[in-house]
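All remarks here apply to the structure that follows.
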Amino acid sequence: MTDKVRIDTLSANSLPQSNETFLARQAEFESNVRSYPRKLPLAIAKAQGVWITDVENKQYLDCLAGAGTLALGHNHPEVLQSIQSVITSGLPLHTLDLTTPLKDEFSSYLLSLLPGQGKEYCLQFTGPSGADAVEAALKLAKKVTGRSGVISFSGGYHGMTHGALSVTGNLSPKEAVNGMMPEVQFMPYPHQYRCPLGIGGEAGVKALTYYFENLINDVESGVRKPAAVILEAVQGEGGVNPAPAEWLQRIRKVTQEHGIMLILDEVQAGFARTGKLFAFEHAGIEPDIIVMSKAVGGGLPLAVLGIKKQFDAWAPGHHTGTFRGNQLAMATGLTTLKILKEERIADKVAIQGEWLKGKLAELQKRFPVIGHVRGLGLMIGIEIVKPNEAKDHLGCYPADGELSALLQKKCFEAGLILERGGRNGCVLRLLPSLLITNAELEVFLDKFESALLGAGVKPV
């Protein structure tokens, strides 16, 4: 006779239902590396659409959405149904990279969304994080070209694994990590508000374009021809900075002329977030490698590369990942992609984004601490500044990271969840569900204004 195995689990209902209790236990259980609970101190009990409810039954408008992962918001009924369908179908939940009918359908549909309906691309399933997909892209570029250098851009964010961190602009997580990936050359990325060359406007974009092209062409630049250029068409963590179309187009032209692989990191900006299915579509270019994660899995872990077939130089098994065959994520991803495409969500997002930026510009007139509003679609940044201090020669006020942090706190207290980014965290970032309604965006505006007043910001 075999004894039954009993698994005792701690029921949340056995604990006092307070955010403070759960957060204290999390601090006891988890490493210091945890970050979001320090800024957003809640314990989530349930979520639906754009709304989160904590264990104290307080509701929050979620404009973070899993850092852009939840394109359709929390617990979309069709996404939940896709999970249930897999569970009851008899499909294995783990398949390595063995194929299934579900994987076949997902792959076919995802390819159809890539440039030229994916006819020139193939897919590579990596470990289920954007960072691992970036690692694979960098390795492949080196393998294809036989070169080792990589050009990345200031303000870029590509992940926290070793190679991905090496091509990420943020210096803080690099401080105690010696031996970063060699031959990474950073170049300035265009910025609508704070031109890195101190020129600004169209002249600044032209100068940055020339600077990049000259670096590649100059035989005494000191920088060997790289294997790849990696960039985001809209920088997310770097402060929501959209790349000018002409700059991106020139980078694509130069990289093609010199046989340099162009890697577009669409982990955060992809899948209708910017009002186009992919952010690079605003410039009408085709990357050699497209890095996809977050929304591609419909809320579950999945990461995929779209690789131009001519550059598929991998030998079997030369980049693997135990969990690259996540069947549940392929089901939720397929459902999400179909809704985004068939319901023309990108068009809706483009219209809402322009409307919301207009409303924020009106708010900016009353609250000059809002120095700049930028972004595309529902990927919007609000840069917080010190309007009582002197402007620089381009007419920009100094950034105010402290007020930005206070505003994030006041937004949270008002029932609004936002993330920060940019230099010194001075940019409040919006990444809500792409299904957010106009009425819910009005709620956002009301809560954000309440937060401004709650932080002691006086309107003019």
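Keep in mind that what you see is a predicted model, and the values were worked out from it rather than measured.
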Taking NZ, NE, NH1 and NH2 as the nitrogens, is one of them in [X] or [Y] under 4.0 Å from a carboxylate oxygen of the other?
{"X": "K357", "Y": "E354", "value": "yes"}
{"X": "E266", "Y": "R273", "value": "no"}
{"X": "E413", "Y": "K447", "value": "no"}
{"X": "K309", "Y": "D312", "value": "no"}
{"X": "E237", "Y": "R429", "value": "yes"}

Answer yes or no for K39 and Y36: cation-pi contact, defined as NZ/CZ to six-membered ring centre under 6.0 Å and angle to ring axis within 45°. yes
K103 NZ/CZ over F125 ring centroid, <6.0 Å and within 45° of normal: yes
Criterion salt bridge (Lys or Arg N to Asp or Glu O under 4.0 Å) on K308 and E286, from CA distance to verdict: CA-CA 9 Å; K308 281 284 184 79; E286 290 190 9; 3.4 Å; yes
Where do L72 and S433 come nearest, in terms of heavy atoms and distance? C-OG, 3.4 Å
Kindly indicate whether the side chain of [X], heavy atoms from C-beta on, has any atom under 4.5 Å from the side chain of [Y].
{"X": "S152", "Y": "H158", "value": "yes"}
{"X": "Q235", "Y": "Q268", "value": "no"}
{"X": "T336", "Y": "V79", "value": "yes"}
{"X": "M160", "Y": "S129", "value": "no"}
{"X": "L337", "Y": "F271", "value": "yes"}
{"X": "L113", "Y": "K341", "value": "yes"}
{"X": "L70", "Y": "L64", "value": "no"}
{"X": "Q408", "Y": "L428", "value": "yes"}

Just jot down the ring-ring contact (aromatic ring centres under 6.0 Å, His included) partners of W247, sequence neighbours excluded, or say none. F153, Y189
Of all residues at least two apart in sequence or in a different chain, which pass the ring-ring contact (aromatic ring centres under 6.0 Å, His included) check with Y121? none
Test your reading of the model: is there a side-chain donor-acceptor pair from E183 to the backbone of V150, 3.5 Å cut-off? no
Could you go through the salt bridge (Lys or Arg N to Asp or Glu O under 4.0 Å) check for K348 and E343 one step at a time? CA-CA 9 Å; K348 163 196 172 293; E343 297 186 14; over 6 Å; no
Separation between CD1 of I87 and CD of Q84, rounded to the nearest 0.5 Å: 7.0 Å
Quick check: are there more than 12 heavy atoms from other residues, nucleotides or ligands sitting under 6.0 Å from NZ of K139? yes
Apply the test side chain to side chain contact (heavy atoms under 4.5 Å, CB included) to residues Q124 and T126: give CA-CA distance (whole Å), side-chain angles for both, the deciding distance (0.1 Å), then the verdict. CA-CA 6 Å; Q124 178 186 355; T126 68; 4.1 Å; yes
